[in-house]
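Structure first, then comments.
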Amino acid sequence: MVRRGLERQVADATVTSVEVHNTRSVRRHPDGTAGFAARLVGRRLGSARRRGKYLWLPLHPLPATDAVLAHLGMSGQLLVRPTGGAAERHLRVRLVLQPGAGSPLDLRFVDQRTFGGLSVAPLAVSLADGACVPEPVRHIGVDPLEESFDAAQVGHRLSRRRTGVKRALLDQALLSGVGNIYADEALWRARLHYARPTETLRRREVSTLLSALREVLVEALEEGGTSFDSLYVDVDGQPGYFERSLAVYGRADRPCPRCATPVRRDPFMNRSSYTCPRCQPRPRRSRW
DNA sequence: ATCGTAGCCTGGAGGC
DNA sequence: TGCCTCCAGGCTACGA
């Protein structure tokens, strides 16, 4: 969703200046804030690409050898605004852009929790599919919504793991774009418990799970994309669009939409997992 | 090589 | 009312 917006508004614009409001947001940049800015000013932005939570714009002239890379963390947003407007509360980085025609624009990186960040990174060959991606994305698996996503291959690699199925889903090297929410929702749809050992999954179950995952991601995207913030933002008591379509996530003690059994919340990896105890019984052998 | 855990960070919710 | 603690999560560093 973010990517689509960028595609339309900033492709081919030239960076005229850079402001870093919080150095933590560029902490991964190898030569610091100054280097980050120096590598951007005067460059022209190419079309936006995405893999998992990473989003980048190649930097022209062609052939691009580097890109400006954003990691959205859990609360990061990239906003396009007319230059000169009021700063958002958590504005971290502002790139001023001159489009081919029209007045200047801001590309703003807004991030409450500063888990995300921006950097300029060299392009490299992806280990997952051979595509041209920024170096920090090299080891990241293909997103289930990308064309090059190979469900058979991912399924095969998944079942060779020796871990709990949810851990595997959250491993960005295996596949990307799946966080805690989408993992829980897909497991519920596939009627699998999060602690099910990957090596006991039948081929059928793996393919059901990957289809469910894809469905969840497609639906979330259709609903306008979701950021964790949208779960909070509703100050006026209006439930977020995405929240309404969740079957189990964040719904402890409320009825399972399929069988009405109260949803259960378990601690998992210092976080939570939500399951329907009836649709997704804990396996006798279980593995986190 | 593979798997598991702690910690990073901010602010909203809820307890007292 | 205002403080305090808990909790959310993608990723990395590090330990087993």
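Values below: all heavy atoms of this structure, side chains included; hydrogens, waters and symmetry mates excluded. Lettering of chains follows the sequences in order, A, B, ..., and the numbering in each one begins at 1.
Taking for each of A:Arg162 and A:Phe115 the nucleotide of DNA chain B with the nearest heavy atom, the 5'-most of the two is the partner of A:Arg162. Residue-to-nucleotide proximity on DNA chain B shows that, of A:Arg161 and A:Arg271, the 5′-proximal contact is made by A:Arg161.
A:Ser272 has no side-chain polar atom (N or O) that falls below the 4.0 Å cut-off from OP1 or OP2 of C:dC7. Distances shown here put a side-chain N or O of A:Asn270 below 4.0 Å from the OP1 or OP2 atom of B:dA6. For the OP1/OP2 pair of B:dC9 and a distance below 4.0 Å, the side-chain nitrogens and oxygens of A:His90 include no atom meeting the criterion. In this model, the phosphate group of C:dG10 is not approached by any side-chain N or O of A:Gln172 to a distance below 4.0 Å at OP1 or OP2. Taking 4.0 angstrom as the limit, A:Arg167 places a side-chain polar atom (N or O) nearer than this to OP1 or OP2 of B:dG4. For the pair A:Thr163 and B:dG4, the criterion of a side-chain N or O lying under 4.0 Å from OP1 or OP2 is met.
A straight line from CD of A:Gln77 to P of B:dT10 spans 17 Å, rounded to a whole angstrom. A:Ile140 has its CD1 atom 12 Å from the P atom of C:dG10, to the nearest Å. Nucleotide B:dC9 holds its C1' atom 9 Å from the CZ atom of A:Arg27, rounded to whole Å. What separates CZ of A:Phe268 from C1' of C:dC7 is a distance of 17 Å, to the nearest Å. Rounded to a whole Å, the NE2 atom of A:His139 is 15 Å from the P atom of B:dT2. Summarising the geometry, the separation between CG on A:Asp171 and C1' on B:dT5 is reported as 15 Å, rounded to the nearest angstrom. The CZ-P distance, from A:Arg89 to B:dT10, rounds to 12 Å in whole Å. One can place CD of A:Glu135 at 11 Å from P of C:dT12, the figure rounded to the nearest angstrom.
In the set B:dT10, C:dA8, C:dT12, the nucleotide with an atom closest to the side chain of A:Tyr54 is C:dT12. Of all nucleotides listed (B:dG4, B:dT5, B:dC9), B:dT5 comes nearest to the side chain of A:Met269. Set against B:dC8, C:dG10, C:dT12, the side chain of A:Arg24 has B:dC8 as its closest nucleotide.
Using a 4.0 Å heavy-atom distance criterion, A:Arg265 is classed as a sugar-phosphate-only contact.
Under 3.5 Å, the side chains of A:Lys53 and A:Ser176 contain no donor-acceptor pair of N or O atoms. With no hydrogens or angles considered, no side-chain donor-acceptor pair links A:Asn22 and A:Ser25 at under 3.5 Å.
The backbone N or O of A:Arg161 sits less than 3.5 Å from a side-chain atom of A:Thr198, completing a donor-acceptor pair. Proximity of a side-chain donor or acceptor of A:Arg50 to a complementary backbone N or O of A:Gly52 within less than 3.5 Å is detected.
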Trace of the salt bridge (Lys or Arg N to Asp or Glu O under 4.0 Å) decision for A:Arg265 with A:Asp253: CA-CA 8 Å; A:Arg265 171 184 179 273; A:Asp253 303 324; over 6 Å; no
